[in-house]
Asker: 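The structure is given below, and queries will be raised subsequently.
Computed over heavy atoms, backbone and side chain alike; hydrogens, waters and symmetry mates excluded. The first residue in the sequence is number 1, and the count goes up from there. Because the structure is predicted, anything quoted here is derived from the model rather than measured.
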Amino acid sequence: MKILRSLSIAKRLYLNLLVLAVGLLTVTLLMLWLFYQGLMDEKRAQAQYQVESIVSLTESYYRQQQAGTLSQAQAQQQALNAINQIRYGDNDYFWITDYQPRMVLHPMNSKLNGQDVSNYSDPNGKALFSEMANVVRDSDQGFVNYLWPKPEHAQPVAKVSYV
């Protein structure tokens with residue numbers, strides 16, 4: 001208290017303003033961080049719902065195969081054809097990899113189909129397809145954050161995928 005009283009009135013007023021400014025800045029940064037976290041949670045939820053709808057689609061082909069309406073090869077091919085055509089958002093798409101990981105279907109880059117993608121890494125060095133396979137193998141489902149170029153763009157952007 002003595003330290004404050006030893007300061008001039010002008011310095012005490014500036015100190016009050018400084019404390020107020022720091023407090024406002026802290027609250028603003030906290031609110032921005034919470035807003036960002038909310039947006040990321042929503043993005044994750046949307047990714048999960050979209051993937052679950054694709055799983056439901058593939059299950060319908062599986063049920064047709066189990067009922068004898070389609071052979072296994074027909075069901076798999078029709079499911080691949082359907083998924084290959086689906087787009088959402090800003091020209092976003094679904095792809096399929098297996099546990100190896102080998103690319104089963106990539107609708108935007110068919111050169112990857114059938115290729116071993118275990119060594120594909122994003123610019124930060126993350127072996128994204130291997131990590132995706134590991135997440136599914138270990139937890140049956142989950143999210144993977146990585147960098148990948150959007151269609152018709154060369155620069156990778158931050159992505160989150162539900163696998």
Side-chain angles (χ1 to χ4, degrees), residues 22 25-163:
V22 168
L25 181 62
T26 302
V27 168
T28 301
L29 291 175
L30 177 64
M31 295 303 293
L32 286 172
W33 182 80
L34 290 173
F35 180 70
Y36 172 78
Q37 291 302 315
L39 288 175
M40 291 307 296
D41 289 345
E42 181 62 28
K43 186 172 184 157
R44 286 184 189 98
Q46 285 178 353
Q48 182 174 352
Y49 299 148
Q50 290 164 341
V51 169
E52 288 171 350
S53 71
I54 295 299
V55 169
S56 177
L57 173 70
T58 59
E59 287 172 348
S60 72
Y61 288 106
Y62 177 72
R63 284 191 301 274
Q64 291 178 50
Q65 184 249 324
Q66 292 297 304
T69 310
L70 297 172
S71 70
Q72 181 177 354
Q74 289 172 321
Q76 288 174 338
Q77 191 57 52
Q78 287 184 21
L80 287 173
N81 290 341
I83 295 168
N84 192 41
Q85 299 302 313
I86 296 174
R87 301 292 181 275
Y88 65 95
D90 185 23
N91 206 23
D92 289 324
Y93 53 90
F94 297 95
W95 73 93
I96 303 170
T97 57
D98 62 15
Y99 285 109
Q100 183 177 351
R102 180 185 325 270
M103 184 65 67
V104 176
L105 171 72
H106 196 290
M108 304 307 272
N109 187 355
S110 60
K111 294 177 195 169
L112 291 175
N113 294 347
Q115 300 293 314
D116 178 355
V117 291
S118 59
N119 293 324
Y120 272 73
S121 297
D122 73 1
N124 292 334
K126 180 184 280 188
L128 57 127
F129 295 112
S130 292
E131 184 167 334
M132 290 174 188
N134 291 337
V135 166
V136 173
R137 193 175 299 118
D138 296 344
S139 305
D140 203 37
Q141 63 185 355
F143 295 95
V144 177
N145 296 305
Y146 59 97
L147 297 172
W148 189 264
K150 289 182 77 69
E152 302 176 11
H153 293 88
Q155 294 301 317
V157 296
K159 297 270 212 170
V160 60
S161 287
Y162 176 75
V163 295

Asker: Would you find more than 12 non-hydrogen atoms of other residues, nucleotides or ligands less than 6.0 Å from Q37 atom CD?
Answerer: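 More than 12 heavy atoms, drawn from other residues, nucleotides or ligands, come within 6.0 Å of this atom.
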Asker: What pairs with N81 under side chain to side chain donor-acceptor pair (under 3.5 Å), at least two apart in sequence or on another chain?
Answerer: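 With sequence neighbours excluded, N81 shows a side chain to side chain donor-acceptor pair (under 3.5 Å) to Q77, given in chain and number order.
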Asker: Output all residues satisfying side chain to side chain contact (heavy atoms under 4.5 Å, CB included) with Q74, sequence neighbours left out; order by chain, then residue number.
Answerer: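 Q74: side chain to side chain contact (heavy atoms under 4.5 Å, CB included) contacts with L70, S71.
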Asker: Give every donor-acceptor pair under 3.5 Å between a side-chain atom in residues 50-61 and any protein atom, sequence neighbours left out.
Answerer:
{"from": "E52", "atom 1": "OE2", "to": "Q48", "atom 2": "NE2", "distance (Å)": "3.0"}
{"from": "S53", "atom 1": "OG", "to": "Q50", "atom 2": "O", "distance (Å)": "2.6"}
{"from": "T58", "atom 1": "OG1", "to": "I54", "atom 2": "O", "distance (Å)": "3.4"}
{"from": "T58", "atom 1": "OG1", "to": "V55", "atom 2": "O", "distance (Å)": "2.7"}
{"from": "S60", "atom 1": "OG", "to": "L57", "atom 2": "O", "distance (Å)": "2.5"}

Asker: Would you mind listing every salt bridge (charged side-chain N to carboxylate O under 4.0 Å, His left out) that reaches into residues 37-50, with sequence neighbours excluded?
Answerer: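 Those involving residues 37-50 are D41-R44.
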Asker: State, with a plain yes or no, whether a side-chain heavy atom of L80 is found less than 4.5 Å away from one of N84.
Answerer: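 Side-chain contact under 4.5 Å: no.
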Asker: Kindly write out the residues that satisfy ring pair (Phe, Tyr, Trp, His ring centres under 6.0 Å) with F94, not counting sequence neighbours, or none if the list is empty.
Answerer: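 In terms of ring pair (Phe, Tyr, Trp, His ring centres under 6.0 Å), with neighbours along the sequence ignored, F94 is linked to Y88.
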Asker: Under the side chain to side chain contact (heavy atoms under 4.5 Å, CB included) test, which residues partner N124, sequence neighbours left out?
Answerer: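 N124 satisfies side chain to side chain contact (heavy atoms under 4.5 Å, CB included) with D122, L147 only.
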Asker: Hey, what do you get for CG (L29) to CG (L34), rounding to the nearest 0.5 Å?
Answerer: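 Reported to 0.5 Å precision, the distance equals 11.0 Å.
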Asker: Extract all donor-acceptor atom pairs below 3.5 Å that involve side chains of residues 97-111 and protein atoms in other chains or at least two apart in sequence.
Answerer:
{"from": "D98", "atom 1": "OD1", "to": "Q100", "atom 2": "N", "distance (Å)": "3.0"}
{"from": "D98", "atom 1": "OD1", "to": "R102", "atom 2": "N", "distance (Å)": "2.6"}
{"from": "Q100", "atom 1": "OE1", "to": "R102", "atom 2": "NE", "distance (Å)": "3.2"}
{"from": "Q100", "atom 1": "OE1", "to": "R102", "atom 2": "NH2", "distance (Å)": "2.3"}
{"from": "H106", "atom 1": "ND1", "to": "M108", "atom 2": "N", "distance (Å)": "3.3"}
{"from": "H106", "atom 1": "ND1", "to": "N109", "atom 2": "N", "distance (Å)": "3.1"}
{"from": "H106", "atom 1": "NE2", "to": "Y93", "atom 2": "OH", "distance (Å)": "3.4"}
{"from": "N109", "atom 1": "OD1", "to": "K111", "atom 2": "N", "distance (Å)": "3.4"}

Asker: T26 vs L30, test: side chain to side chain contact (heavy atoms under 4.5 Å, CB included). Steps then yes/no.
Answerer: CA-CA 6 Å; T26 302; L30 177 64; 5.6 Å; no
Asker: Quick one: does Y120's side chain get under 4.5 Å of L112's, heavy atoms only?
Answerer: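 Y120 reaches L112 side chain to side chain.
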Asker: Go through the structure and list residues passing side chain to side chain contact (heavy atoms under 4.5 Å, CB included) with V157, not counting sequence neighbours.
Answerer: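 For V157 the side chain to side chain contact (heavy atoms under 4.5 Å, CB included) partners, ignoring immediate neighbours, are K150, K159.
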Asker: Not counting sequence neighbours, list each pair that qualifies as a side-chain hydrogen bond (donor to acceptor under 3.5 Å, both in side chains) and has a residue in residues 137-146.
Answerer: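 Sorted result for residues 137-146: N134-R137, Q141-Y162, Y146-S161.
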Asker: So V27 and M31, do their side chains get closer than 4.5 Å, heavy atoms only?
Answerer: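 The answer is yes; the side chains approach within 4.5 Å.
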Asker: About how many Å separate CE of M40 and CZ of F35, when rounded to the nearest 0.5 Å?
Answerer: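 Between atom CZ of F35 and atom CE of M40 there are 12.5 Å.
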Asker: Could you tell me which residues satisfy side chain to side chain donor-acceptor pair (under 3.5 Å) with S121, sequence neighbours excluded, listed by chain and number?
Answerer: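 So S121 forms no side chain to side chain donor-acceptor pair (under 3.5 Å) with any residue.
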